[in-house]
**Q** 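Here you go, one structure.
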Amino acid sequence: MVDKSLELFECGHRACGGCGAALAARLAMKGAGTNTIVVNSTGCMEVFSTPYPETAWKVPWIHSLFENASAVASGVEASLKKQRRGEKVVIMAGDGATFDIGMICISGAFERGHDFTYICYDNEAYMNTGIQRSGATPYDASTTTSPAGKCSFGNKRPKKDMPQIIAAHGAPYVATASIAYPADLMQKVERAVNTKGPCYVQVHAPCCTGWGFEGEQTLAIAKLAVETGLWINYEMVDGKVSKVKKVVKKPVEEYLKTQKRFRHLFKPARQDAEIAAIQAMADRNFEKYGIEIKLKKE
Amino acid sequence: MMKITEGSHAVAEIVAFCRPQVVSAYPITPQTHIVEALAEMVADCKLDAEYITVENELSALSACIGASAAGSRVYSATTSQGLALMYEACFNAAGMRLPIIMSIANRAMGAPLSIWNDQQDSISLRDSGWLQFYAEDNQEATDLHVIAYKVAEDHSVLLPAMVCFDGFILSHTYEPVDMLSQEDVDKYLPKFNPYEKLDAADPISFGMYATPDYYHEFRYEIDNAVKRAGGVIKKAGKEFGTMFGRDYSSMTEEYRMEDADTAIVAMGSVCGTIKDAIDEMRASGKKVGLVRIRVFRPFPSGDIAKALSKAKRVAVLDKNISLGAKGATAIEVKDAMYGKATPILNYIIGLGGRDVRKRDIAAIVALAEKGEGDMFYGLRKEVL
């Protein structure tokens with residue numbers, strides 16, 4: 001067991017107040033522990049945590065490029081192996097670096113079977129460059145490159161199922177987590193780090209600036225994503241779903257209406273068909289993962 | 001020990017003697033024989049290295065970046081399109097001051113696709129902060145790898161280096177090579193002693209981002225290190241000469257320059273042809289000499305200006321072209337000779353594997369004597 005009281009991602013960094021990614025980093029590092037080397041892709045986290053000559057990282061840390069974190073981590077791991085050193089290698093990368101630009105490097109590194117843990121902090125768009133859509137942006141979210149307009153409801157496609165893609169590479173451990181469930185997140189990272197081979201943890205990390213909500217709402221919104229079935233917390237061990245977070249079902253509307261990126265679904269006119277389409281996606285998740293807790297009627 | 005061997009195999013053998021701990025590469029013609037040979041050595045336990053078979057060249061260099069930062073001696077090899085795919089990581093490796101050694105079996109850049117030799121690939125990365133060595137023959141291609149490791153890992157340098165040798169012309173040619181032994185290399189090249197490394201016992205951050213308050217100075221420091229490498233190369237080259245009898249203490253080589261009216265400046269394997277052509281021209285009374293550039297980065301401007309000071313004219317041969325300007329070497333030589341009246345004429349030669357023969361060198365010297373230059377030499381007008 002790692003000592004989870006240690007703060008390996010220090011305060012004083014430059015993230016927005018209420019940043020989900022910063023919390024994801026802090027919790028993930030508690031799960032990973034001190035004997036860790038972090039490889040960070042380019043993105044918000046890299047920028048807000050390491051403005052030279054300051055760093056928020058109390059473990060060794062390297063940032064190379066946007067797309068190559070898995071390849072850099074492959075090299076770090078090979079180097080440690082050759083030197084018979086025992087540090088664990090952890091990648092921290094945003095959804096753009098993971099779902100889009102880093103896909104080739106990720107596929108190569110997972111196929112080669114290096115011993116590392118890849119943590120994707122998923123805030124569902126390119127936040128560092130000004131909230132452009134990524135392959136992780138949900139259906140109908142308005143971003144600066146998928147803006148809602150007179151003839152558009154925002155992002156036209158649902159989120160890419162990245163955990164399944166990773167699992168298809170034969171990864172021994174794949175998990176999704178949310179900053180709204182800190183103990184679960186830390187445990188999953190700890191398990192991943194202590195599982196031999198390439199492991200993947202995708203963490204839902206709401207972005208107050210990009211999604212359009214007040215910073216004090218971050219955790220509440222992250223929790224709503226899980227409760228509405230738009231984000232599923234589960235584990236996959238050797239490709240099989242083994243543990244899923246069950247919830248009392250809430251309608252997606254409760255989640256959508258908290259964020260400006262979905263505002264066009266409610267104002268100036270309520271878009272029933274679009275909301276129903278999103279509800280149908282959540283319903284399919286409830287069914288596929290069997291996550292609904294049915295309350296007995298009094 | 002003297003042996004007849006293919007250029008690529010000689011390079012692979014010497015690289016193994018340098019004891020890289022991590023090798024990461026991706027296949028591309030004409031570099032493949034090197035990485036195949038290294039893979040064989042790892043498979044036969046003749047080379048004790050982690051060999052990462054990456055999915056593309058960007059990852060090859062990225063893995064080297066990670067492995068070097070974590071404290072290992074690393075090696076990669078590529079060419080042409082592969083090097084272009086590494087472009088972003090090349091600047092990154094130099095910026096993080098990682099002493100990565102990479103062989104470049106020089107090849108043309110597409111389009112149109114060409115697997116044959118010129119030097120456009122590595123020349124296009126001359127601004128990336130990598131040291132660049134250019135070999136004339138396979139002996140030099142072999143020796144320069146050992147010197148490159150020594151220089152790159154020197155704590156006053158800490159920069160990556162490309163050892164460039166002409167694709168096919170050298171990489172696939174069998175020549176006699178006086179191969180150093182493992183003991184020789186161990187005696188010359190100390191164990192890798194990283195200046196800094198990723199280490200949980202002493203955490204540091206690599207590759208942070210710099211605001212305008214700091215970036216400018218970072219670049220200044222890298223530029224200083226590249227320039228400083230010149231002195232380290234000369235020292236390491238001299239030491240090599242003392243130990244093994246082949247002196248590399250100069251970043252240039254002068255051939256029959258003592259009374260030359262026409263000085264040719266070139267680099268790479270074409271210099272062998274040029275030397276033969278010079279001997280023939282000299283026999284018929286023409287005073288021609290060669291200044292061969294062995295190190296392109298740092299650029300030995302002072303040495304070149306000195307070597308060319310008595311020439312009446314200079315013919316610079318480039319197997320590359322900065323499209324819309326001139327060949328890269330010509331631009332640099334003109335800079336080195338600024339303020340002097342000596343005419344400097346540029347000839348673009350041998351692109352995409354076009355053969356350059358002794359008679360072409362003689363023809364170029366004749367053109368230079370007439371003052372005609374700054375041209376693509378040997379154009380086939382019928383296909384234009």
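We name chains A, B, ... by the order of the sequence lines, and we start the count at 1 in each one. Because only heavy atoms are used, hydrogens play no part in the values below, and waters and symmetry mates are left out as well, while side chains stay in.
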**Q** Using non-hydrogen atoms only, which part of V59(A) is less than 4.5 Å away from chain B: side chain, backbone, both, or neither?
**A**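 V59(A) touches chain B through backbone heavy atoms alone.
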
**Q** So which part of N56(B) gets closer than 4.5 Å to some heavy atom of chain A, the side chain, the backbone, both or neither?
**A**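 Side chain only.
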
**Q** Could you walk me through whether W61(A) and F206(B) satisfy the ring-ring contact (aromatic ring centres under 6.0 Å, His included) test, starting with their C-alpha distance in whole Å, then the side-chain angles of each, then the deciding distance to 0.1 Å, before giving a yes or no?
**A** CA-CA 6 Å; W61(A) 177 96; F206(B) 270 76; 9.3 Å; no

**Q** Please verify the inter-ring angle class for F48(A) with H13(A); under 30° counts as parallel, over 60° as perpendicular, anything in between as tilted.
**A**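 Tilted.
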
**Q** Please report the shortest heavy-atom distance between L159(B) and A225(B), naming the atom on each side.
**A**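 Distance-wise, the nearest heavy atoms are CD1-C, 3.7 Å.
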
**Q** Would you please go through residues 74-95 of chain B and name the residues with a non-hydrogen atom below 4.5 Å from one of chain A, in numerical order?
**A**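 If one takes a 4.5 Å heavy-atom cut-off, the residues of residues 74-95 of chain B near chain A are E88(B), A89(B), N92(B).
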
**Q** Does the ring center of F116(A) lie less than 6.0 Å from the ring center of F110(A)?
**A**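 Ring centroids of F116(A) and F110(A) are less than 6.0 Å from each other.
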
**Q** Looking at G71(B), A69(B), S68(B), which has the largest count of heavy-atom pairs under 4.5 Å with chain A?
**A**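 Most pairs with chain A among the choices: G71(B).
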
**Q** Let's test your reading of the structure: which of S59(B), S205(B), A210(B), A201(B) forms the most heavy-atom pairs below 4.5 Å with chain A?
**A**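 Heavy-atom pairs under 4.5 Å are most numerous for S205(B).
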
**Q** Please classify the contact between F218(B) and chain A as side chain, backbone, both or neither, with a heavy-atom cut-off of under 4.5 Å.
**A**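 Contact with chain A is through the side chain of F218(B) alone.
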
**Q** Within the structure provided, determine whether M127(A) and W211(A) are in side-chain contact (heavy-atom separation under 4.5 Å).
**A**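 A side-chain contact exists here, since the closest heavy-atom pair is under 4.5 Å.
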
**Q** Side chain, backbone, both or neither: which part of I204(B) has a heavy atom under 4.5 Å from chain A?
**A**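 Answer is backbone: N, CA, C or O of I204(B) sit under 4.5 Å from chain A.
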
**Q** Under a 4.5 Å heavy-atom cut-off, does chain B meet the side chain of E67(A), its backbone, both or neither?
**A**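 Answer is side chain: those atoms of E67(A) sit under 4.5 Å from chain B.
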
**Q** For I104(A), is it the side chain, the backbone, both, or neither that has a heavy atom closer than 4.5 Å to a heavy atom of chain B?
**A**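 Both backbone and side chain.
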
**Q** Do other residues, nucleotides or ligands put more than 12 heavy atoms under 6.0 Å from H155(B) NE2?
**A**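 For H155(B), atom NE2 is crowded (more than 12 foreign heavy atoms under 6.0 Å).
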
**Q** Check whether Y209(B) gets within reach of chain A through its side chain, its backbone, both or neither, counting any heavy atom under 4.5 Å.
**A**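 It is both, since atoms from each part get that close.
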
**Q** Between T55(A) and chain B, with a heavy-atom cut-off of 4.5 Å, which part of the residue counts as in contact: side chain, backbone, both or neither?
**A**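 T55(A) touches chain B through backbone and side-chain heavy atoms alike.
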
**Q** Count the heavy atoms of every other residue, nucleotide or ligand shown that sit under 6.0 Å from NZ of K160(A), and state whether that count exceeds 12.
**A**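 Enclosed: over 12 neighbouring heavy atoms sit under 6.0 Å from NZ of K160(A).
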
**Q** Could you name the residues of residues 21-29 of chain B that have a heavy atom within less than 4.5 Å of a heavy atom in chain A?
**A**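 The list, in residue order, reads Q21(B), V22(B).
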
**Q** A cation-pi test, strictly: NZ or CZ of K58(A) under 6.0 Å from the centre of the six-membered ring of F9(A) and no more than 45 degrees from its axis. Yes or no?
**A**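 Ring-cation test returns no.
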
**Q** So which of D199(B), T53(B), D213(B) has the biggest tally of heavy-atom pairs under 4.5 Å with chain A?
**A**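 So the answer, after comparing D199(B), T53(B), D213(B), is D199(B).
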
**Q** Would you call the rings of Y118(A) and Y200(A) parallel, tilted or perpendicular if under 30° counts as parallel and over 60° as perpendicular?
**A**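 Judged by the thresholds at 30° and 60°, the geometry between Y118(A) and Y200(A) is tilted.
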
